[in-house]
Amino acid sequence: SEAQIYRPVLQPSENPPSTGTYLLNNRVGKPCIKATMGAEYIITDKKKTWYFNLDPSSVNISGNCGKEAAVLSLSLPDKAASLQFTFRKENNFFYVTNLTAHLSPQPVYQTYSGSMTHKKLFTAADSQSFKCISGNLLLMSTELKIKLVPLQMQAFSVPKGGYGPEVECWADFNKRLIPTILGATVVGLLLIAGLTSLFIRDRRRHGYERL
C-alpha cells in the first residue's frame, strides 16, 4: 500500500493557535536561538479565507548557528508546512532579516508560499528578548499571511536557555499606554470640573457678603 502523506487540513474559521517553545543549540550544545510563539497560516484563495494553526507537538526543529547569522527552521512531517527565520547580528543588536513560509494543505491540494527579505523584524539588543503579546500579522504573498501570537524570541546569546530582559513591541506599548493616558485625562477633567465648581461657589459667597 502507498505510504500516507501528511497534509494539513484548512479550517473555515479562526481559532487561537497553540503556543510552542522552540530551542536550537549550536554545535557545542549551547542554546543559540529560543522562540516561543503560536503560528497561524491565513490563506486567501478565490475570495475565500482559510486558516491553519501550527501544532507545536508535530514540529521538527532544525537550523544552524553562527556568530553573525543564524537560522531557525520549523517544519511539519512530509514538508507539509514550514517557517524559517534568518537572524542577523549587527552592532550588538539582533533581528530577523528573512522569513519564509510554505503550506501544502487539504482540501486545496496546492502549495502556498511566500517570503519577507532584507527586513529588520523583532529587533532587540544582545542578551535581550523581543516580546509581543498583541501579535504580528505578516504578509508573505498575495495569498498567504502568517500571524505570530504571542511571540517572544532571542538569538545568538541565550544564557542557560532562558530569556533575557524583554523589549516590548509597539502594539503592546500602545495598549498599555492608551488606558493610562485616558485615565489621566479623565482624572484631569474631573479635577478641573471640581476646581471650577469651587471657584464659582467661592465667588458667589463673596458676592453675597458685599451686599
Item checked: Distance-only polar pair, side chains of Q152 and S129, donor-acceptor under 3.5 Å -> yes
Margin query: Do T49 and I42 have side chains that approach each other closer than 4.5 Å (heavy atoms only, starting at C-beta)?
Written below: yes
Next item on the list: Indicate yes or no: at least one non-hydrogen side-chain atom of F94 is less than 4.5 angstrom from one of I33.
Entry: no
Note to self: Between Y6 and L76, is there a side-chain heavy-atom distance shorter than 4.5 Å?
What the structure shows: yes
Checklist line | Value rounded to 0.5 Å, distance of CG in N53 from CD in E40 | finding: 5.0 Å
Check: Roughly how far apart are N174 CG and E168 CD, rounded to 0.5 Å?
Finding: 9.0 Å
Check: Mind checking what makes side chain to side chain contact (heavy atoms under 4.5 Å, CB included) contact with K89, not counting sequence neighbours?
Finding: D126, F156
Checklist line | Straight-line distance of M140 CE to Y112 OH, nearest 0.5 Å | finding: 15.5 Å
Check: Does the pair T111 and H102 meet the rule for a side chain to side chain donor-acceptor pair (under 3.5 Å), with working shown?
Finding: CA-CA 7 Å; T111 296; H102 94 271; 5.8 Å; no
Checklist line | Spacing of S13 atom OG and W50 atom CH2 [to the nearest 0.5 Å] | finding: 10.5 Å
Notebook entry, point to check: Do L72 and I61 touch side chain to side chain, with heavy atoms closer than 4.5 Å?
Noted result: yes
Item checked: pair P17-V149: side-chain heavy atoms closer than 4.5 Å -> yes
Check: Could you state the interatomic distance from CE (M116) to CG (L139), rounded to the nearest 0.5 Å?
Finding: 7.5 Å
Notebook entry, point to check: Do L144 and T44 come close enough that some side-chain heavy atom pair is under 4.5 Å?
Noted result: no
Check: Do the side chains of S113 and T100 get nearer than 4.5 Å, heavy atoms only?
Finding: no
Check: Are V158 and V167 connected in a single hydrophobic cluster, I mean Ile/Leu/Val/Met/Phe/Trp/Tyr linked by side-chain heavy atoms less than 4.5 Å apart?
Finding: no
Check: Is a donor on one side and an acceptor on the other found under 3.5 Å between the side chain of Q11 and the backbone of E14?
Finding: no
Notebook entry, point to check: Can any side-chain N or O of N91 pair as donor or acceptor with the backbone N or O of F93 at less than 3.5 Å?
Noted result: no
Next item on the list: Mind listing the closest non-hydrogen atom pair of Y22 and M37 along with its distance?
Entry: CE1-CG, 4.1 Å
Next item on the list: Apply side chain to side chain contact (heavy atoms under 4.5 Å, CB included) to S62 and list each qualifying residue two or more places apart in sequence or on a separate chain.
Entry: S73
Next item on the list: Determine, stepwise, if the pair T36 / Y163 fulfils side chain to side chain donor-acceptor pair (under 3.5 Å).
Entry: CA-CA 10 Å; T36 300; Y163 286 118; 2.8 Å; yes
Item checked: Candidates L148, L121, L24 - the one meeting side-chain contact (heavy atoms from CB on, under 4.5 Å) with F85 -> L148
Next item on the list: Find out whether Y51 and N15 are in side-chain contact, i.e. whether some heavy atom of one side chain is under 4.5 Å from a heavy atom of the other.
Entry: no
Notebook entry, point to check: Once you round to the nearest 0.5 Å, how far does CG of L138 lie from CZ of F122?
Noted result: 5.0 Å
Item checked: Side-chain donor-acceptor contact under 3.5 Å, T117 with N98 -> no
Notebook entry, point to check: Which pair of heavy atoms, one from P105 and one from L103, lies closest together, and at what distance?
Noted result: CD-O, 3.4 Å
Check: With distance as the sole test, does D78 use its side chain to make a donor-acceptor pair with the main-chain N or O of A80 at under 3.5 Å?
Finding: no
Margin query: Check whether K34 reaches the backbone of G161 with its side chain - one donor and one acceptor, N or O, closer than 3.5 Å.
Written below: yes
